[in-house]
Amino acid sequence: MLAAAPTLAAVPFPAIDPVAFEIGPLVIRWYALAYIGGLVLGWWMLRRLGRTPPAVLTAEQADDFLVWATLGVVLGGRLGYVLFYNLPYYLDHPAEIAMVWQGGMAFHGGFLGVVIALLIFCRRKGIPPLAMGDLLACIAPIGLFFGRIANFINGELYGRPAPDVPWAMVFPTADAQPRHPSQLYEAALEGLVLFAVTMILFRVAAVRARRGALIGVFMTGYGLARFVVEYFREPDPQLGYLFGVITMGQILSLPMILAGLAFLAWAWYRPPAWRPGAPA
């Protein structure tokens, strides 16, 4: 039962039905549309970015990778949530692991799933993995943006209490306390800002020639953004604060930051894969 209405002013939470539309027994939720929209728009951009000199990916290969990316995101995201965030529950209820429509996806798991799909796909198609990874680093923020907006619509993954923040909201899925709309913070940082940074850098030929640099920018940028926003986001109730001071999201983001910095250093000190201005 919800507590009494708050006495402090708060921005009204927009009453958006999590169900986008229904066709007979078929129920389409915004969360599902966010995944579909992110994958389709990412595929559309991958076809175009892959042709940027020196072209490393054909349109047909981009079409094929959409299936691989979908499997990597869904399977990796679900298994990541099960293993990282709620393993005891799913050990007791193994039949629910496959029930992705009930919610429960983890970005870090989806990221690992796409990395595995990328490595297998590139090996089979003879595509340089770092070049492919740089392309995906530019389009991944699209899916992150849509996913966080869907989290906001669902009223899930909300922020910590913020009684003194003028834009705080009372989430109907939480209690009566005004809270940070942390989903929107993540949509802005992990989505809009990271997309702008990677796309601006992608247009610089000298950056594209340093294969792995954009991977490093994405991993470092996401890790830092997620680590910071976790200070405003309510920890997962089944986990709380680990070691009393840190969240699971922050723990999983630390390796991403370190790996991203390693990619940047590696790309900087290695000779460029091609010389800008020279024939590819």
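Side-chain atoms are counted along with the backbone in the values below, which use heavy atoms only and exclude waters and symmetry mates. The first residue of the sequence shown is numbered 1, and numbering continues consecutively from there. Everything numeric here is computed off the predicted structure, so don't read it as measured data.
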Less than 4.5 Å apart, side chain to side chain, heavy atoms only: is that true for [X] and [Y]?
| X | Y | value |
| --- | --- | --- |
| Thr247 | Leu239 | no |
| Arg211 | Val56 | yes |
| Ser182 | Arg160 | no |
| Leu194 | Leu189 | no |
| Phe121 | Asp64 | yes |
| Met132 | Lys125 | no |
| Tyr81 | Arg78 | yes |
| Phe107 | Met256 | yes |

Quick one: [atom1] on [X] to [atom2] on [Y], what's the gap to the nearest 0.5 Å?
| X | Y | atom1 | atom2 | result |
| --- | --- | --- | --- | --- |
| Phe84 | Leu112 | CZ | CG | 6.0 Å |
| Ile251 | Glu230 | CD1 | CD | 10.0 Å |
| Phe145 | Leu184 | CZ | CG | 9.0 Å |
| Leu135 | Arg208 | CG | CZ | 9.5 Å |
| Arg210 | Phe263 | CZ | CZ | 16.0 Å |
| Tyr90 | Ile97 | OH | CD1 | 8.0 Å |

Original post:
With distance as the sole test, does Gln183 use its side chain to make a donor-acceptor pair with the main-chain N or O of Glu156 at under 3.5 Å?
Top reply: yes

**OP:** Mark yes or no for whether Asp236, through its side chain, and Gln238, through its backbone, hold a donor-acceptor pair below 3.5 Å.
**Re:** no

**OP:** Indicate the ring-plane relationship of His93 and Tyr89, choosing parallel, tilted or perpendicular according to the 30° and 60° boundaries.
**Re:** parallel

**OP:** Give the C-alpha distance, both sets of side-chain angles, the deciding distance and a yes or no for side chain to side chain contact (heavy atoms under 4.5 Å, CB included) between Glu186 and Leu144.
**Re:** CA-CA 8 Å; Glu186 291 185 276; Leu144 288 169; over 6 Å; no

Subject >> Identified ring-ring contact (aromatic ring centres under 6.0 Å, His included) counterpart of Phe152 within the set Tyr31, Phe13, Tyr158 >> reply: Phe13

**OP:** Decide yes or no on side chain to side chain contact (heavy atoms under 4.5 Å, CB included) for Phe21 and Leu33, but give the supporting numbers first.
**Re:** CA-CA 11 Å; Phe21 57 89; Leu33 291 179; 4.3 Å; yes

Original post:
Does the pair Leu242 and Gln250 meet the rule for a side chain to side chain contact (heavy atoms under 4.5 Å, CB included), with working shown?
Top reply: CA-CA 10 Å; Leu242 304 179; Gln250 289 175 317; over 6 Å; no

Original post:
Does the ring centre of Tyr222 sit less than 6.0 Å away from the ring centre of Phe111?
Top reply: no

Subject >> Phe232 ring center within less than 6.0 Å of Tyr185 ring center >> reply: yes

Original post:
Less than 4.0 Å between a side-chain N and a carboxylate O, is that true for Arg47 and Asp63?
Top reply: yes

Original post:
Do Val217 and Phe202 pass the side chain to side chain contact (heavy atoms under 4.5 Å, CB included) test, and can you show the C-alpha distance, the side-chain angles, and the key distance before you say yes or no?
Top reply: CA-CA 11 Å; Val217 170; Phe202 180 82; over 6 Å; no

